[in-house]
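This report concerns only the one structure given below.
Bear in mind the structure is a predicted one, so any value in this text is a computation, not a measurement. Reckoned from all heavy atoms, side chains included, excluding hydrogens, waters and symmetry mates.
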Amino acid sequence: MAAPGENLRINSDRLWDSIMEMAKIGPGIAGGNNRQTVTDEDGEGRHLFKRWCDAAGLEMGVDEMGTMFARREGTDPSLPPVYVGSHLDTQPTGGKYDGVLGVLGGLEVVRSLNDLGIKTKHPIVVTNWTNEEGARFAPAMMASGVFAGVLEQADVYGHVDKQGKKFGEELERIGWKGTEKVGDRKIHAFFELHIEQGPILEDEGIDIGVVTHGQGLKWLQVTLTGKEAHTGSTPMPKRRNAGLGMARVIELVHEIAMDYQPDAVGAVGHMEVYPNSRNIIAGRTVFTIDIRSPEKEVLDAMDGRIREGIDTICEALDIQYQIEQVGAFDPVTFDAGCVKAIRDAAERLGYSHRNIVSGAGHDACWINRVAPTAMVMCPCVDGLSHNEAEEITKEWASAGADVLFHAVVETAVIVE
Ligand code: HGY
Ligand code: MN
Ligand code: MN
């Protein structure tokens with residue numbers, strides 16, 4: 001396959017302007033974004049993306065999970081397309097670039113091909129996967145998980161948010177429930193550009209992360225049930241304190257993750273306390289444990305130790321517990337061919353690069369099960385993400401999108 005000439009570059013200003021334009025939709029309270037999945041803000045962001053795709057001459061398809069597929073025709077329409085994209089939904093206190101860089105970087109690839117009048121044999125499809133974040137509705141990477149056949153569509157339609165609203169009904173309400181059956185599309189290869197969301201690339205002064213693997217993840221939702229009672233008049237030995245139980249489990253998760261350094265991680269980010277009154281002992285707590293590791297054995301060992309520890313803690317405090325696994329995927333090895341296309345592109349374009357394991361989960365982790373897949377990463381300031389202060393430079397965004405451009409176009413095969 002002819003590799004694109006090293007002079008093939010995206011339009012850096014246009015990419016950056018598009019990212020800043022998208023950032024105006026669903027603004028956060030501290031400079032980032034709150035464009036959670038299947039909210040009105042998500043709907044508005046989708047409409048903006050569609051307008052841009054229409055202007056680029058792309059044909060839009062939407063499936064029953066709301067995922068958007070914008071197709072640029074190839075010279076041989078019968079060939080399976082090369083897919084490129086990520087997600088437009090954000091965390092409640094998210095940044096401007098997590099996911100957005102990958103969707104708009106994919107759009108920029110197509111816009112640049114249009115500018116240059118370049119045709120490819122394979123069609124190219126720019127993709128916006130619904131509900132990558134899993135913040136409003138668990139699990140993360142929901143639509144790509146249904147597409148890859150690892151999640152049941154009928155089941156996830158019924159998942160509820162904190163207000164008890166159902167995912168399927170909210171998708172319908174914002175008008176983005178498509179008619180295409182999920183997962184029928186054949187994918188020649190999938191490429192995702194994403195910010196690193198960690199400190200390695202910036203610390204080492206490296207432009208491009210060539211993502212060889214993604215670490216595995218488990219989300220365990222725990223419900224502890226004790227007894228509500230007066231915080232003043234209830235003797236300590238008679239308390240059944242679900243809040244104390246949650247605190248001990250949070251410490252346990254941290255200690256166990258620290259036993260498997262340098263790679264394993266663990267934390268509890270979602271916590272609910274009932275009735276959450278200053279002078280009532282918490283009768284019930286609901287929280288989610290997030291543990292991750294590049295090694296499946298470690299992930300399973302942490303899972304087992306945490307379950308044992310919860311049993312011991314609850315025994316001592318005379319409280320009941322329920323544990324529900326609400327998200328999980330094994331460590332991922334990306335496709336060697338696609339990874340090589342990314343590494344060769346970085347080399348050809350003169351960008352510094354290194355292999356890296358993705359700490360965060362991405363739609364690519366699921367799509368890797370059904371098609372050759374790989375990721376390109378760019379640095380982010382202080383490695384910060386899932387924080388409104390998330391920041392990247394225009395140069396980092398352009399370098400990542402240039403590499404994405406070359407990998408996609410090489411795989412889609414330029415027609416001279
Ligand atoms: O949780 C994750 O790793 C992703 O950001 N949804
Ligand atoms: Mn993301
Ligand atoms: Mn994210």
Side-chain angles (χ1 to χ4, degrees), residues 26-41 90-95 133-140 159-167 170 218-258 265-292 302 305-327 384-390:
I29 51 173
N33 275 110
N34 179 4
R35 196 173 52 243
Q36 297 181 65
T37 193
V38 295
T39 57
D40 294 332
E41 294 75 13
T90 75
Q91 287 285 332
T93 53
E133 291 293 357
R136 183 184 177 199
F137 298 98
H159 286 198
V160 295
D161 67 4
K162 284 178 191 154
Q163 284 71 42
K165 291 180 181 172
K166 287 185 179 172
F167 168 78
E170 283 292 276
K218 282 190 186 219
W219 280 2
L220 304 177
Q221 181 168 300
V222 180
T223 302
L224 302 184
T225 307
K227 189 173 175 58
E228 291 166 25
H230 198 298
T231 49
S233 52
T234 310
M236 293 302 274
K238 290 193 175 301
R239 296 178 178 208
R240 297 177 55 216
N241 188 338
L244 178 58
M246 178 171 73
R248 289 186 179 173
V249 173
I250 292 171
E251 173 69 21
L252 172 76
V253 169
H254 178 81
E255 291 309 318
I256 288 175
M258 293 310 287
V265 292
V268 173
H270 153 243
M271 293 167 239
E272 295 169 35
V273 179
Y274 300 95
N276 205 19
S277 165
R278 289 181 185 77
N279 42 8
I280 299 180
I281 293 167
R284 187 163 66 89
T285 52
V286 183
F287 53 97
T288 304
I289 296 167
D290 178 328
I291 49 174
R292 310 194 190 197
M302 290 165 74
R305 287 182 57 191
I306 286 170
R307 290 172 189 271
E308 280 166 22
I310 289 174
D311 190 65
T312 307
I313 287 167
C314 290
E315 172 93 25
L317 294 176
D318 186 18
I319 54 181
Q320 272 73 47
Y321 69 87
Q322 280 172 306
I323 302 172
E324 183 192 353
Q325 182 169 289
V326 293
L384 189 64
S385 183
H386 285 196
N387 182 309
E388 291 208 41
E390 177 186 280

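Side-chain contact between V268 and L252 is absent, with no heavy atoms from C-beta onward closer than 4.5 Å. The shortest side-chain heavy-atom distance between R239 and I281 falls under the 4.5 Å cut-off. In this structure, K218 and Q325 have side chains that are in contact, with non-hydrogen atoms separated by less than 4.5 Å. Side-chain contact between E324 and W219 is absent, with no heavy atoms from C-beta onward closer than 4.5 Å. Side-chain contact between D161 and F167: absent, with no pair of heavy atoms (C-beta onward) separated by less than 4.5 Å. I323 is listed as a side-chain neighbour of I310, based on a closest heavy-atom distance under 4.5 Å. Between I291 and V253 there is a side-chain heavy-atom pair separated by less than 4.5 Å. By the 4.5 Å heavy-atom criterion applied to side chains, I29 and E388 are counted as neighbours.
Closest approach of E390 and L384 over heavy atoms only: CG-O, 3.7 Å. Taking each heavy atom of Y321 and D311 in turn, the nearest pair found is OH-OD1, 2.7 Å. The minimum heavy-atom distance linking N241 with L244 is given by the pair OD1-N, 2.9 Å. Between A138 and V326, the shortest heavy-atom contact is CB-O, 4.3 Å. The shortest heavy-atom contact between G327 and P139 is CA-CB, 4.1 Å. Of all heavy-atom pairs between G243 and A282, the closest is N-CB, 3.6 Å.
Judged purely by atom type and a 3.5 angstrom limit, R136 uses its side chain to pair as donor or acceptor with the backbone of V38. For the pair N34 (side chain) and P27 (backbone), a donor-acceptor distance under 3.5 Å is absent. In this structure, the side chain of T285 engages the main chain of A242 through a donor-acceptor pair within 3.5 Å. Looking only at distances, no side-chain donor or acceptor of R35 sits under 3.5 Å from a matching main-chain atom of T90. With T223 contributing its side chain and Q322 its backbone, the two residues share no donor-acceptor pair below 3.5 Å. No donor-acceptor pair closer than 3.5 Å links the side chain of T234 to the backbone N or O of T231. E133 contributes no side-chain N or O that, together with a main-chain N or O of T37, makes up a donor-acceptor pair within less than 3.5 Å.
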Check the pair F287 / L224 against side-chain contact (heavy atoms from CB on, under 4.5 Å), numbers first and verdict last.
CA-CA 9 Å; F287 53 97; L224 302 184; 3.7 Å; yes

What do the steps show when you test R240 against T225 for side-chain contact (heavy atoms from CB on, under 4.5 Å), and what is the final call?
CA-CA 8 Å; R240 297 177 55 216; T225 307; 5.9 Å; no

What do the steps show when you test Q36 against F137 for side-chain contact (heavy atoms from CB on, under 4.5 Å), and what is the final call?
CA-CA 9 Å; Q36 297 181 65; F137 298 98; over 6 Å; no

For M271 and M246, what are the C-alpha separation, side-chain angles and deciding distance, and is it a side-chain contact (heavy atoms from CB on, under 4.5 Å)?
CA-CA 9 Å; M271 293 167 239; M246 178 171 73; 4.0 Å; yes

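Of the N and O atoms on the side chains of Q91 and T93, not one donor lies less than 3.5 Å from an acceptor on the other residue. Neither side chain, D290 nor T288, offers a donor N or O lying under 3.5 Å from an acceptor on the other.
For residues 269-288, no pair satisfies salt bridge (charged side-chain N to carboxylate O under 4.0 Å, His left out), with sequence neighbours left out.
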